[in-house]
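All values derive from a computational prediction rather than experimental measurement. Heads up: numbering here begins at 1 and tracks the sequence.
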Amino acid sequence: LCSLSCSSPQPMSTSSQPTVFQVQLKEDCPHLTYISDRISQIPNEAIQPTTLCNVEGCNETENWHCLECDQISCSRFAEKHALAHFEETGHVIALSYSDCSVWCYLCDSYIGHSDLQAIKRALYNKKYHLQ
């Protein structure tokens with residue numbers, strides 16, 4: 001469905017070929033339990049993969065959706081507004097509009113859980129115009 005990422009890549013091969021990294025999602029993020037109900041209540045209309053960063057004057061398009069308050073902020077590879085949002089609010093879980101991954105700032109890891117599937121599917125469908 002969506003591409004997956006991880007916080008600690010593991011080499012898949014020890015041959016002389018270029019190393020390819022395997023991703024492993026953290027399946028037991030303890031912080032997800034605090035917002036699982038909130039995630040299930042986010043309306044599809046709130047998922048807008050073409051939205052620019054909500055910080056005034058920022059036009060970045062590689063953005064993250066805070067799953068606690070719906071703030072859209074750019075990645076740490078752009079102007080780092082999503083990271084600043086976490087540091088200012090303590091909101092720890094965000095959905096990437098770039099690759100449909102979900103990140104927990106406190107676990108410092110990409111996470112996977114069945115509670116995330118519906119929102120990731122909604123993003124995927126909107127991003128690829130499947131609705």
Side-chain angles (χ1 to χ4, degrees):
L1 186 60
C2 292
S3 64
L4 303 175
S5 301
C6 79
S7 62
S8 54
Q10 302 296 318
M12 291 179 66
S13 171
T14 57
S15 72
S16 61
Q17 298 296 320
T19 302
V20 177
F21 289 91
Q22 173 184 348
V23 295
Q24 295 178 330
L25 300 174
K26 182 172 181 61
E27 301 286 340
D28 61 348
C29 169
H31 310 102
L32 186 59
T33 59
Y34 299 113
I35 66 163
S36 288
D37 289 339
R38 160 87 173 101
I39 292 170
S40 66
Q41 296 171 4
I42 296 173
N44 281 351
E45 298 79 44
I47 306 299
Q48 298 296 327
T50 59
T51 301
L52 296 177
C53 179
N54 289 160
V55 174
E56 188 173 336
C58 186
N59 294 317
E60 291 294 336
T61 58
E62 184 182 335
N63 294 315
W64 291 78
H65 182 124
C66 174
L67 295 181
E68 295 184 56
C69 73
D70 297 326
Q71 169 76 20
I72 309 300
S73 307
C74 63
S75 82
R76 64 180 74 197
F77 300 109
E79 298 295 324
K80 300 181 171 93
H81 292 131
L83 179 60
H85 177 72
F86 156 66
E87 291 170 343
E88 292 166 7
T89 65
H91 295 172
V92 300
I93 299 181
L95 171 68
S96 169
Y97 279 176
S98 295
D99 65 3
C100 304
S101 62
V102 178
W103 179 261
C104 176
Y105 285 96
L106 288 181
C107 290
D108 195 27
S109 180
Y110 290 97
I111 59 175
H113 192 277
S114 60
D115 289 349
L116 300 169
Q117 292 308 309
I119 196 159
K120 289 172 72 173
R121 187 175 307 109
L123 171 57
Y124 184 88
N125 288 341
K126 282 193 173 192
K127 184 172 178 149
Y128 297 105
H129 310 287
L130 299 175
Q131 292 186 347

Asker: Do the side chain of K126 and the main chain of Q48 share a donor and acceptor less than 3.5 angstrom apart?
Answerer: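 Checked: no pair found.
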Asker: Salt bridge (Lys or Arg N to Asp or Glu O under 4.0 Å): which pairs involve residues 27-36, sequence neighbours left out?
Answerer: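 Salt bridge (Lys or Arg N to Asp or Glu O under 4.0 Å) check on residues 27-36 returns K26-D28.
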Asker: Going through the checks in order, is the side chain to side chain contact (heavy atoms under 4.5 Å, CB included) test met by L32 and I39?
Answerer: CA-CA 9 Å; L32 186 59; I39 292 170; 3.6 Å; yes
Asker: List the atom of Y110, the atom of S101, and the distance in Å for their closest heavy-atom pair.
Answerer: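 That would be CE2-OG, 3.2 Å.
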Asker: Side-chain heavy atoms under 4.5 angstrom apart, residues restricted to Ile, Leu, Val, Met, Phe, Trp, Tyr: same cluster for L83 and Y97?
Answerer: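 Yes, it is one cluster - the side chains of L83 and Y97 are joined through contacts under 4.5 Å.
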Asker: Between atom CG of N63 and atom OG1 of T50, what is the distance when rounded to the nearest 0.5 Å?
Answerer: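 It comes to 10.0 Å.
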Asker: Is there a side chain to side chain contact (heavy atoms under 4.5 Å, CB included) between V92 and Y34 once you walk through the steps?
Answerer: CA-CA 10 Å; V92 300; Y34 299 113; over 6 Å; no
Asker: Closest heavy-atom contact between S36 and D115?
Answerer: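 Minimum heavy-atom separation between S36 and D115: OG-OD2, 2.9 Å.
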Asker: Can you tell me how far the CD1 atom of I119 sits from the CD1 atom of I42, to the nearest 0.5 Å?
Answerer: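 These two atoms lie 3.5 Å from each other.
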Asker: Distance from S75 atom OG to E60 atom CD, nearest 0.5 Å?
Answerer: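 Going from the OG atom of S75 to the CD atom of E60 covers 7.5 Å.
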Asker: For W103 and Y105, take the angle between the two ring planes, folded into 0 to 90°, and tell me which bin it lands in: parallel under 30, tilted 30 to 60, perpendicular over 60.
Answerer: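 Aromatic pair W103/Y105 classed perpendicular.
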Asker: Measure the NE2-SG distance between H81 and C74 for me, rounded to the nearest 0.5 Å.
Answerer: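 Nearest 0.5 Å value for the NE2-SG distance: 5.0 Å.
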Asker: Just how far is it from atom NZ of K120 to atom CG of D99, taken to the nearest 0.5 Å?
Answerer: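 Between atom NZ of K120 and atom CG of D99 there are 8.5 Å.
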Asker: Test side chain to side chain contact (heavy atoms under 4.5 Å, CB included) on C66 and H85; report intermediate values, then the result.
Answerer: CA-CA 9 Å; C66 174; H85 177 72; 3.5 Å; yes
Asker: Which heavy atom in I93 sits nearest to a heavy atom in E68, and how many Å separate them?
Answerer: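 I93 and E68 have their closest heavy atoms at N-OE2, 3.7 Å.
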Asker: Which pairs pass salt bridge (Lys or Arg N to Asp or Glu O under 4.0 Å) with one or both residues in residues 36-45, sequence neighbours excluded?
Answerer: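 Every salt bridge (Lys or Arg N to Asp or Glu O under 4.0 Å) pair that includes a residue of residues 36-45, provided the two are not neighbours, is R38-D70.
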Asker: Using the rule that Ile, Leu, Val, Met, Phe, Trp and Tyr join whenever any side-chain heavy atoms are under 4.5 Å apart, tell me whether W64 and L52 fall into a single cluster.
Answerer: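 No, it is not one cluster - the side chains of W64 and L52 are not joined through contacts under 4.5 Å.
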Asker: Report the distance from atom CG of L116 to atom CD1 of I35, rounding to the nearest 0.5 Å.
Answerer: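 One gets 8.0 Å once the value is rounded to the nearest 0.5 Å.
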Asker: Side chains of C29 and H113: does their closest heavy-atom pair fall under 4.5 Å?
Answerer: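 Heavy-atom side-chain distance check fails, nothing below 4.5 Å.
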Asker: Could you tell me which non-hydrogen atom of L123 sits nearest to which non-hydrogen atom of S96, and how far apart they are?
Answerer: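 Looking at all heavy atoms of both residues, the shortest contact is CD2-O, 3.2 Å.
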Asker: So, for I111 and C104, which heavy atoms are closest and what is the spacing to 0.1 Å?
Answerer: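 Shortest heavy-atom separation between I111 and C104 comes out as CG2-CB, 4.0 Å.
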